Amino acid sequence: SQTIHQWPATLVQPVGSPLSLECTVEGTSNPNLYWYRQAAGRGLQLLFYSVGIGQISSEVPQNLSASRPQDRQFILSSKKLLLSDSGFYLCAWSDNNYGYTFGSGTRLTVV
Amino acid sequence: QKEVEQNSGPLSVPEGAIASLNCTYSDRGSQSFFWYRQYSGKSPELIMFIYSNGDKEDGRFTAQLNKASQYVSLLIRDSQPSDSATYLCAVISSGSARQLTFGSGTQLTVLP
């Protein structure tokens with residue numbers, strides 16, 4: 001069966017520090033991968049999606065970036081965090097048949 | 001801008017009642033519709049999907065789709081306190097490379 005792993009679960013970072021969140025999927029090949037952010041009390045905002053290795057599409061201009069170095073690995077990064085980057089970051093995968101399956105999420109607080 | 005609209009709630013129902021959650025979408029070409037449940041502090045989990053007009057039932061949950069009215073709903077029968085969560089409506093719009101657009105969610109509280 002397919003599983004999705006996302007870490008860390010919780011992160012507190014100072015303003016201006018770098019960020020790296022990692023997501024891996026097991027049990028499937030060539031999945032579509034997505035990064036979403038959910039601000040407190042708000043809906044889910046799509047940040048990036050990828051349909052294959054090295055293929056990244058950005059939905060929202062910001063100081064975040066994403067990379068897909070391997071088929072089942074998706075990384076969200078920032079060189080310098082802003083206070084407004086705080087939120088709940090969710091990785092998800094899809095095999096084009098059904099809806100998305102989400103990872104457990106990373107709660108990021110920028111202080 | 002392709003949008004998905006939901007009443008934010010909160011919606012409160014007594015235990016055992018039917019909870020009705022509603023969602024409208026702007027893109028008439030949308031093909032696939034999903035309901036997710038999100039407990040506080042947790043990630044969303046898929047509970048229902050529907051592709052065709054009409055009703056789809058799964059246990060206590062029924063999804064209803066009306067493409068002409070651009071309306072999708074979720075009914076929860078015999079509501080339980082464990083159903084208390086935020087329910088997110090999501091739509092795959094036409095030409096979107098299977099990107100899900102989410103509504104902002106409806107917070108449901110089932111009162112014992």
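Quick note on labels: first sequence line is chain A, next is B, and so on, each numbered from 1. We use all heavy atoms of the structure for the numbers below, so side chains are in, but hydrogens, waters and symmetry mates are not. Note that the structure is a prediction, hence the values are computed from the model and not measured.
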Is B/F33 close to chain A through its backbone or its side chain, or both, or neither, when contacts mean heavy atoms under 4.5 Å?
neither
[X], [Y]: one ILVMFWY side-chain cluster at the under-4.5 Å cut-off?
| X | Y | value |
| --- | --- | --- |
| A/L33 | A/I4 | yes |
| A/L90 | A/F74 | no |
| B/F49 | B/L100 | yes |
| B/Y87 | B/L11 | yes |
| A/V60 | A/L21 | no |

Scanning both residues in full, the closest heavy-atom pair of B/L46 with A/G99 reads CD2-N, 4.4 Å
Closest non-hydrogen atom pair, A/F88 against B/K42:
CE2-O, 3.5 Å
Top of B/Q38, B/Q107, B/Q6 for chain A proximity - count of heavy-atom pairs under 4.5 angstrom
B/Q38
Counting heavy-atom pairs closer than 4.5 Å to chain A, which one of B/G41, B/P44, B/G105, B/A90 comes out on top?
B/P44
Could you give the distance from [atom1] ([X]) to [atom2] ([Y]), rounded to the nearest 0.5 Å?
| X | Y | atom1 | atom2 | value |
| --- | --- | --- | --- | --- |
| A/Y100 | B/I92 | OH | CD1 | 6.0 Å |
| A/Q38 | B/S104 | CD | OG | 10.0 Å |
| A/L46 | B/T101 | CG | OG1 | 8.0 Å |

Which bit of A/Q6 comes within less than 4.5 Å of chain B, counting heavy atoms only: side chain, backbone, both or neither?
neither
Aromatic contact, B/F102 with A/Y36 (centres under 6.0 Å)
yes
Table please: side-chain donor-acceptor pairs of residues 101-111 of chain A below 3.5 Å, with sequence neighbours left out.
unit_1	atom_1	unit_2	atom_2	d
A/T106	OG1	A/P8	O	2.4

Would you find more than 12 non-hydrogen atoms of other residues, nucleotides or ligands less than 6.0 Å from A/D71 atom CG?
yes
